[in-house]
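Since the structure comes first, as structure tokens, the remarks are kept for the end.
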Protein chains: 2
Amino acid sequence: MSPTAIRYHRGMGRWEPNAQGRLVQAALLLYVERGFEQTTVAEIAKLAGLTERTFFRYFADKREVLFWGAGALQELLVSTVATAPESEAPIATIRSAIEAAGATFQERREGSLLRQSVISLNTELQERELIKLASLAGAMAQGLRQRGVPEPGASLSAEAGIAVLKIAFERWVNAMGEPDLPQLIRDTFDEFKAATSG
Amino acid sequence: MSPTAIRYHRGMGRWEPNAQGRLVQAALLLYVERGFEQTTVAEIAKLAGLTERTFFRYFADKREVLFWGAGALQELLVSTVATAPESEAPIATIRSAIEAAGATFQERREGSLLRQSVISLNTELQERELIKLASLAGAMAQGLRQRGVPEPGASLSAEAGIAVLKIAFERWVNAMGEPDLPQLIRDTFDEFKAATSG
DNA sequence: TATCCTGATGTCAGAGAATGACATCGCCCT
DNA sequence: AGGGCGATGTCATTCTCTGACATCAGGATA
């Protein structure tokens with residue numbers, strides 16, 4: 001089937017509303033159906049009823065559509081770190097933040113799994129994911145520093161948290177038994193402590 | 001100054017020898033002088049006395065030139081893991097491997113710093129670096145698994161090692177006092193343990 | 001109401017990355 | 001001498017991404 005343009009309302013204004021949302025929806029649909037590489041930006045734009053040029057006004061590149069939520073995730077992590085109890089150990093603060101992040105993935109379980117299935121099939125997308133994760137680690141480290149945690153402890157704690165998130169997420173995706181991601185994160189943190197304290 | 005083609009010997013065979021080496025040398029030169037983005041593959045190829053098409057026969061993309069040594073590094077890590085004492089704790093094995101990797105950077109100090117200065121100025125290159133590091137972690141984890149270390153401990157230990165490498169390397173690059181990288185890695189491992197055992 | 005302005009989108013042109021198909025031609029082997 | 005091989009060149013093409021400029025509905029303003 002060849003999908004026609006995605007429309008929402010009828011000509012309310014000069015253009016259909018929610019251009020960015022239509023682009024995201026169109027891109028995700030095509031990435032899932034044909035794969036990321038086999039999808040051109042022109043096709044995405046056409047499906048969204050827009051032009052290629054407009055796509056690049058909303059997204060820096062073809063990959064970025066899939067990482068639209070990264071900003072909100074970073075805010076969640078940073079605010080969780082910022083509002084943690086003063087007396088708490090840095091690694092415990094990071095643990096709380098990562099658990100909170102895990103909860104949001106759990107809430108959007110279907111979407112998260114779909115998105116990951118696309119990413120897992122393409123190296124370029126994995127690269128983008130890794131740099132987003134590194135950015136998250138950097139933001140959490142900065143949050144810790146603002147709370148007086150010195151380097152390199154701040155960065156090391158943040159990196160540890162991201163490592164746990166990565167591996168817990170991977171377990172979550174591969175597990176058919178639908179475990180709870182926050183719980184998996186807690187378990188993985190414990191295993192991490194056991195594995196690295198040798 | 002506009003550099004002319006890089007030549008080695010005089011027409012020994014049909015072509016100048018060491019085409020790949022000339023490409024690496026030319027690319028590095030231009031990346032340092034003009035920056036990565038401002039350098040085109042056509043320019044690199046011309047400086048190496050070759051064509052654009054030949055560049056892409058040796059390197060999958062423009063970035064890959066800078067990660068030429070990753071294969072050897074991975075072999076070093078894997079073989080270090082493989083030959084570690086049987087009784088050793090997994091995290092200690094990883095620590096040894098990372099230290100060995102650090103030693104090779106220390107040996108090529110100038111080149112490592114130059115390379116990193118190029119990478120640090122460009123996001124695309126940082127993405128490639130991160131996925132290479134992830135690949136190293138994956139290889140080390142597999143090495144541990146072959147020694148009977150179960151998941152998720154194997155992956156967690158490997159990721160911890162890579163996190164330490166990243167941060168120790170960063171300290172090494174930013175430190176003007178020329179500290180010893182293997183020693184910095186040892187110190188960072190100790191700080192990591194302290195930071196994550198809270 | 002007439003006019004101006006703004007912002008979202010379209011149109012066009014172009015550089016540069018990357019890839020496939022095929023040509024070239026010294027060198028080595030027999 | 002002849003033939004095949006392998007490294008390189010040539011050519012054409014698709015696709016990503018960007019800059020410059022055009023368009024035009026709707027809101028603000030006089």
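Naming convention: chains lettered A, B, ... in sequence-line order (proteins, then strands); numbering from 1 in each chain.
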So does A/R109 pair up with A/D180, basic N to acidic O under 4.0 Å?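 Here A/R109 does not pair with A/D180 in a salt bridge, since their nearest N and O are not under 4.0 Å apart.
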Base, sugar-phosphate or nothing for A/F55? Non-hydrogen atoms, less than 4.0 Å.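 Nothing, no heavy atom under 4.0 Å.
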Atom [atom1] of [X] to atom [atom2] of [N]: distance rounded to whole Å?
X	N	atom1	atom2	answer
B/D61	D/dC17	CG	C1'	16 Å
B/E37	D/dG19	CD	P	11 Å
B/E43	C/dG16	CD	P	7 Å
B/N122	C/dA17	CG	P	12 Å
B/E124	D/dT16	CD	P	15 Å
A/F56	C/dA13	CZ	C1'	16 Å
A/F59	D/dT18	CZ	C1'	17 Å
A/K46	C/dG10	NZ	C1'	16 Å

Expected rows: protein N/O vs nucleotides 4-6 of chain D N/O, under 3.5 Å:
| residue | atom | partner | partner atom | Å |
| --- | --- | --- | --- | --- |
| D/dG6 | N2 | B/R14 | NH1 | 3.1 |

Give a yes or no answer on whether the side chain of A/S112 reaches the backbone of A/R108 with a donor-acceptor pair at less than 3.5 Å.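 Yes.
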When you measure from the side chain of A/R22 to the backbone of A/P17, do you find a donor-acceptor pair of N or O atoms at a distance under 3.5 Å?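 Confirmed, A/R22 side chain pairs with A/P17 backbone.
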At a cut-off of 3.5 Å, list every protein nitrogen or oxygen paired with a nitrogen or oxygen from nucleotides 10-15 of chain D, distance to 0.1 Å.
none

Any A/Y58 side-chain nitrogen or oxygen under 4.0 Å from OP1 or OP2 of C/dT9: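 Result: yes.
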Of all the heavy-atom pairs spanning A/A97 and A/T80, show the shortest one and how long it is.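 Looks like CA-CG2, 3.5 Å.
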Counterpart residues, side-chain contact (heavy atoms from CB on, under 4.5 Å), relative to A/R147 (two or more places apart):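 Testing A/R147 for side-chain contact (heavy atoms from CB on, under 4.5 Å), a comparison that skips the adjacent residues, returns A/V81, A/A84, A/E86, A/T93.
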Can you pull out every side-chain hydrogen bond (donor to acceptor under 3.5 Å, both in side chains) where at least one residue sits in residues 129-145 of chain A? Sequence neighbours excluded, please.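 Matches after skipping sequence neighbours: A/E64-A/K132, A/Q74-A/S135, A/Q116-A/E129, A/R145-A/E151.
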Return the set of residues passing salt bridge (Lys or Arg N to Asp or Glu O under 4.0 Å) with B/K166 (not counting sequence neighbours), or none when no residue passes.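 B/K166: salt bridge (Lys or Arg N to Asp or Glu O under 4.0 Å) contacts with A/E159.
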Residues in salt bridge (Lys or Arg N to Asp or Glu O under 4.0 Å) contact with B/R63, at least two apart in sequence or another chain: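 For B/R63 the salt bridge (Lys or Arg N to Asp or Glu O under 4.0 Å) partners, ignoring immediate neighbours, are A/E127, B/D61.
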Could you check whether the rings of B/F192 and B/F189 sit parallel, tilted or perpendicular, using 30° and 60° as the cut-offs?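 Geometry flag for B/F189 against B/F192: perpendicular rings.
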